[in-house]
Amino acid sequence: MHHMTLAEIARGLADKKFSSVELTQTLLARIAQLDPQINSFISLTQDLALSQAKAADERRANGESGALLGAPIAHKDLFCTQGIRTSCGSKMLDNFKAPYDATVVAKLAAAGAVTLGKTNMDEFAMGSANESSWYGAVKNPWNLEHVPGGSSGGSAAAVAARLLPAATATDTGGSIRQPAAFTNLTGLKPTYGRVSRWGMIAYASSLDQGGPLARTAEDCAILLQGMAGFDPNDSTSIDEPVPDYSAGLSGSLQGLRIGVPKEYFSAGLDPRIAELIHNSIKELEKLGAVIKEISLPNMQHAIPAYYVIAPAEASSNLSRFDGVRFGYRCENPENLEDLYKRSRGEGFGSEVQRRIMVGAYALSAGYYDAYYLKAQKIRRLVKNDFMSAFNEVDIILGPTTPNPAWKLGAKSSDPVAAYLEDVYTITANLAGLPGLSMPAGFVDGLPVGVQLLAPYFQEGRLLNVAHQYQLNTDWHTRPPTGF
Ligand code: GLN
């Protein structure tokens with residue numbers, strides 16, 4: 001049962017081949033047996049899962065249907081779940097039980113999805129390796145000595161290891177697409193504003209966006225359908241109708257104009273990944289796509305700009321964790337200042353502290369113009385590059401990451417080395433554009449992803465292209481050995 005995709009599960013449930021309770025029990029047993037190897041869950045919610053599964057079976061028995069009705073999923077542990085620990089991967093929130101459900105959680109529950117648990121993640125979603133979690137590193141099911149990517153490494157590892165078919169995740173600078181690439185999954189970062197951020201613990205509010213991680217584009221379409229839509233509780237959510245993503249998967253790629261930025265194939269890219277990307281381009285050409293070389297001239301400035309803007313917003317967002325209102329509080333504070341300092345010093349890990357300091361510095365009176373304002377100007381240039389590219393092409397294609405998953409610990413003492421790995425993903429967040437990563441082959445037994453970017457609100461186009469590609473390739477169907 002554990003090899004089934006969301007789409008297959010939906011058919012099996014509709015045909016009464018099995019019940020949601022049976023499926024949920026099977027997957028919970030599988031998690032208990034295999035998760036100790038990869039550490040992809042922070043919390044399991046067995047009781048909730050079984051009661052949701054039972055309710056979904058009853059709804060089906062009463063004639064209801066729906067692709068998510070009775071489907072098992074998990075949530076990245078930064079989506080608030082009422083009465084359940086929502087830790088954000090941090091000691092700071094280890095004792096925090098959210099008093100309400102995030103909009104994404106509530107919407108998926110209403111559609112009948114079954115929550116198996118909360119997945120591991122980099123602390124406060126800061127990272128690309130899932131090594132900064134207070135609950136320990138997550139391991140890549142493709143090679144347990146390698147990282148699964150981050151920050152949504154728990155969601156990715158769990159889905160890749162067939163512990164469940166799909167999970168929610170978030171992407172501030174690549175945290176859906178990069179772990180998807182590292183674990184042979186399909187992951188979609190929607191347009192900024194497509195999915196509500198209400199109840200999603202903020203890292204960098206102008207960049208954060210929730211989205212689906214699954215094995216196929218078809219499943220991403222199903223999960224995104226349940227997540228997307230206007231939310232009056234999120235002032236940045238967009239009041240635009242949500243298309244039927246599953247219905248849009250079958251479109252032909254005849255005449256689709258694919259732009260390939262020349263800057264993507266620079267010295268930093270592993271040549272074996274470059275070759276796989278060229279193979280996927282050929283595959284799409286066979287399906288009727290037309291390839292055009294384009295240029296994104298300001299791409300080289302994106303990493304420094306992102307690593308000013310994201311920490312700046314984080315320094316502001318994370319000021320609420322002060323040891324007073326909720327979360328961790330140090331023992332026996334001597335006075336108020338000691339309470340703040342030690343609660344934050346003991347509650348936050350080193351990467352989070354580094355970002356708060358960088359961000360507070362960039363926003364401080366003497367440095368705001370030199371760093372923060374400059375970074376915002378670069379952000380606009382990056383966006384303008386995309387706007388002119390999309391005058392000529394329908395999607396942009398390239399690698400998701402310059403290298404495959406690195407070894408655990410290989411970059412943990414060199415934060416800048418890890419930041420550089422985000423080169424292909426962060427531009428979409430700076431511009432607010434949708435992006436998708438899908439499996440494109442293997443290097444040394446480790447998965448490689450190809451990234452597709454589209455104009456605003458063209459998630460459907462990304463899913464359509466990825467689905468057509470997946471009908472003609474089998475990379476995404478391969479499971480890691482041992483899982
Ligand atoms: N690696 C990037 C960072 O650490 C992106 C993380 C994310 O998308 N949440 O900021």
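Counting convention: from 1, in listed order, for ligands and their atoms alike. If you read the sequence from its start, that first residue is 1, and numbering goes on from there.
Scanning the protein for heavy atoms near atom 5 (C) of ligand 1, the closest one is Y306 OH, 3.4 Å.
The closest side-chain donor-acceptor pair between Y328 and R342, if any, does not fall under 3.5 angstrom.
Contacts with ligand 1 closer than 4.0 Å are made by side-chain heavy atoms of R355 only, the backbone lying farther away. Under 4.0 angstrom from ligand 1, the non-hydrogen atoms of T172 come from both its backbone and its side chain. At a heavy-atom distance under 4.0 Å, only side-chain atoms of S151, from C-beta outward, approach ligand 1.
The shortest N or O to N or O distance between S128 and ligand 1 is under 3.5 Å. On a distance-only criterion, Y203 and ligand 1 share at least one N/O pair closer than 3.5 Å.
Within the structure, ligand 1 has G174 among the residues with a heavy atom less than 4.0 angstrom away.
The shortest non-hydrogen separation linking T168 to L223 is N-CD2, 4.4 Å.
Those atoms of ligand 1 with a heavy atom of A125 less than 4.0 angstrom away are 6 (C), 7 (C), 9 (N). Within ligand 1, the atoms closer than 4.0 Å to a non-hydrogen atom of M126 are 4 (O), numbered from 1 in the order shown. Residue contact check: Y307 has heavy atoms under 4.0 Å from atoms 1 (N), 2 (C), 3 (C), 4 (O), 10 (O) of ligand 1. Short contacts between ligand 1 and G173, defined as distances under 4.0 Å to a heavy atom of the residue, involve ligand atoms 5 (C), 7 (C), 8 (O). Interface of S175 with ligand 1, defined as ligand atoms under 4.0 Å from a residue heavy atom, comprises 5 (C), 6 (C), 7 (C), 8 (O), 9 (N).
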Trace of the side chain to side chain contact (heavy atoms under 4.5 Å, CB included) decision for V382 with I378: CA-CA 6 Å; V382 167; I378 293 173; 4.2 Å; yes
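F41 has its ring centre no less than 6.0 Å from the ring centre of Y135. The distance between the ring centers of F348 and F124 falls below 6.0 angstrom. Remark: aromatic rings of Y100 and W198 are close, center separation under 6.0 Å.
Relative ring orientation between F265 and H278 is described as parallel, the plane-to-plane angle staying below 30° on a 0-90° scale split at 30° and 60°.
Taking 4.0 Å as the cut-off between side-chain N and carboxylate O, R272 and E275 do not count as a salt-bridged pair.
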